[in-house]
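Nothing here was measured: the structure is a model prediction, and the numbers come from that model. Position 1 is the first residue of the sequence, and the numbers go up from there.
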Amino acid sequence: MRRRVTAANPGAPAAAGVRMEWRAVPVAVRNLVETRLGSPVRSAVSQHAGFSPGVAARVRLADGRRVFLKAVGPEPNPDSPGMHRAEAHITAALPATAPVPPLLMALEFEGWVVLAFEDVAGKMPAQPWQTDQLLRVLAAAADMSALLDPSPVEAPTVAERFGDKFQGWGRLAAAFEEHADDLAWLDPWARRNLGRLAELEGGWRAAAAGRGLVHGDLRADNVLLTEDRVIFVDWPAAAVGASRFDVIAMGPSVVMQGGQDLIPLLDEHLDARGAPSENVTVVLVAVAGFFLHQSVQAAPPGLPTLRAFQGAQGEAALRWLRRRTRWS
């Protein structure tokens, strides 16, 4: 019988994993990176937001340039190198006007994948979310979706990218029927409506279909605010679909990390963008089911904090869903 992995501290768990320091990367890999960049690394400051078990560091080179380095090897998580390859493919093909740090270099050596981006002198949105910053991010997401529709990059559709994962309610219902999980950990409202949620979930592919490129993993830790721009980072999950997908998928983290009730702002934004209300609800159902089902799985190698973060997002998604469905 499965049990929810809970956060060690009260409140919203941080989007932070276990990062590797730059000096822990094999010497041969570091030497090749410095050769490709044309200058030795003088300092590397790890950035702890995000879940990759590899390196994510703001780096100063000997010649004074600053870059952002991401590096991951085949251990401890064998899926991470593929995510870096996907990010390199996406970001290299984005238009120069996209609010994304330019990719300066991508290399593979001895099982390691290393990406170098132009460093952005920005900060994550404040946590808890501030209303003015959330409005900035939502407006920038709308502008970005217009720029990237139709998609300028060959990428999987959202159905292809998330299809196997967005069946959480169906899998939870099956586990309950097979007596593999009594779902005692699940919110009582969700248990009462499990069949309805599983049925709605089945229509998410059509509800999320579109022709634009979506980020696929928008959260506060994948956003940088400068004085005059909003920059979106970490693109390995990018896919082709409806622009509304990003805000719906981001919404649970906003609700979770909000210091006030931010659900009305999310709904107002989606309404103003012309997102069909039924489609929003169906995609949100699938997102909620994904987070909650994932939260009771074993932690992936090298990502010990991920399940608690997913569980908190799932619970936030349920709060949003209860308002949208008005089910008892």
Side-chain angles (χ1 to χ4, degrees), residues 14-94 96 98-125 127 215 217 219-238 300-306:
V18 180
R19 295 293 197 194
M20 176 183 290
E21 297 293 328
W22 172 245
R23 63 178 176 270
V25 174
V27 172
V29 177
R30 283 185 281 147
N31 288 343
L32 181 58
V33 170
E34 292 179 336
T35 298
R36 293 284 183 89
L37 290 174
S39 183
V41 170
R42 282 290 175 257
S43 66
V45 180
S46 288
Q47 306 300 297
H48 296 288
F51 293 102
S52 168
V55 172
R58 280 179 156 151
V59 168
R60 182 173 61 83
L61 303 176
D63 63 9
R65 286 180 294 148
R66 294 182 179 275
V67 300
F68 190 89
L69 283 181
K70 300 176 70 170
V72 69
E75 296 179 353
N77 191 302
D79 295 330
S80 294
M83 296 181 70
H84 277 32
R85 293 185 193 102
E87 182 171 14
H89 165 72
I90 294 293
T91 53
L94 289 175
V100 178
L103 178 67
L104 305 176
M105 178 202 72
L107 66 83
E108 294 194 39
F109 185 65
E110 295 185 349
W112 284 77
V113 182
V114 184
L115 310 180
F117 294 91
E118 183 178 296
D119 190 37
V120 176
K123 296 182 179 180
M124 276 179 50
Q127 301 293 288
H215 180 282
D217 195 24
R219 300 187 308 261
D221 55 293
N222 287 337
V223 176
L224 291 173
L225 302 179
T226 72
E227 289 187 3
D228 58 353
R229 297 189 74 198
V230 177
I231 305 296
F232 298 98
V233 303
D234 290 347
W235 284 78
L303 303 172
T305 63
L306 179 60

Nearest heavy-atom neighbours spanning Ala44 and Ala57: CB-CB, 4.2 Å
Side chain to side chain contact (heavy atoms under 4.5 Å, CB included) assessment of Val27 paired with Arg30: CA-CA 5 Å; Val27 172; Arg30 283 185 281 147; 3.2 Å; yes
Shortest non-hydrogen contact from Ala88 toward Ala106: CB-CB, 4.1 Å
Heavy-atom pair of closest approach, residues Leu306 and Pro300: CD2-CG, 4.0 Å
Residues Val33, Trp22; criterion side chain to side chain contact (heavy atoms under 4.5 Å, CB included); working and verdict: CA-CA 11 Å; Val33 170; Trp22 172 245; 4.0 Å; yes
Between NE2 on residue His89 and CH2 on residue Trp235, distance to nearest 0.5 Å: 12.5 Å
Residue Glu75 excluded, over 12 heavy atoms near CD under 6.0 Å: no
Distance (rounded to the nearest 0.5 Å) between Phe117 CZ and Ile231 CD1: 12.5 Å
Nearest heavy-atom neighbours spanning His215 and Asp217: ND1-N, 3.0 Å
Atom pair CG (Leu69) and CD (Gln47), whose distance is rounded to the nearest 0.5 Å: 11.5 Å
Arg65 (side chain) donor-acceptor with Val59 (main chain) under 3.5 angstrom: no
Side chain to side chain contact (heavy atoms under 4.5 Å, CB included), paired with Phe68, selected from Leu224, Asp119, Leu104: Asp119
Distance, nearest 0.5 Å, that separates CG of Leu115 from CZ of Arg85: 10.5 Å
Closest approach of Val114 to Val29 (non-hydrogen atoms, all atoms of both residues): CG2-CG1, 3.9 Å
Value rounded to 0.5 Å, distance of OG in Ser39 from CZ in Arg60: 9.5 Å
Atom of Pro236, atom of Ala86 and distance for their closest heavy-atom approach: O-CB, 3.7 Å
Separation of Asp234 CG from Asp221 CG (nearest 0.5 Å): 7.5 Å
Residues Glu108, Val113; criterion side chain to side chain contact (heavy atoms under 4.5 Å, CB included); working and verdict: CA-CA 5 Å; Glu108 294 194 39; Val113 182; 3.8 Å; yes
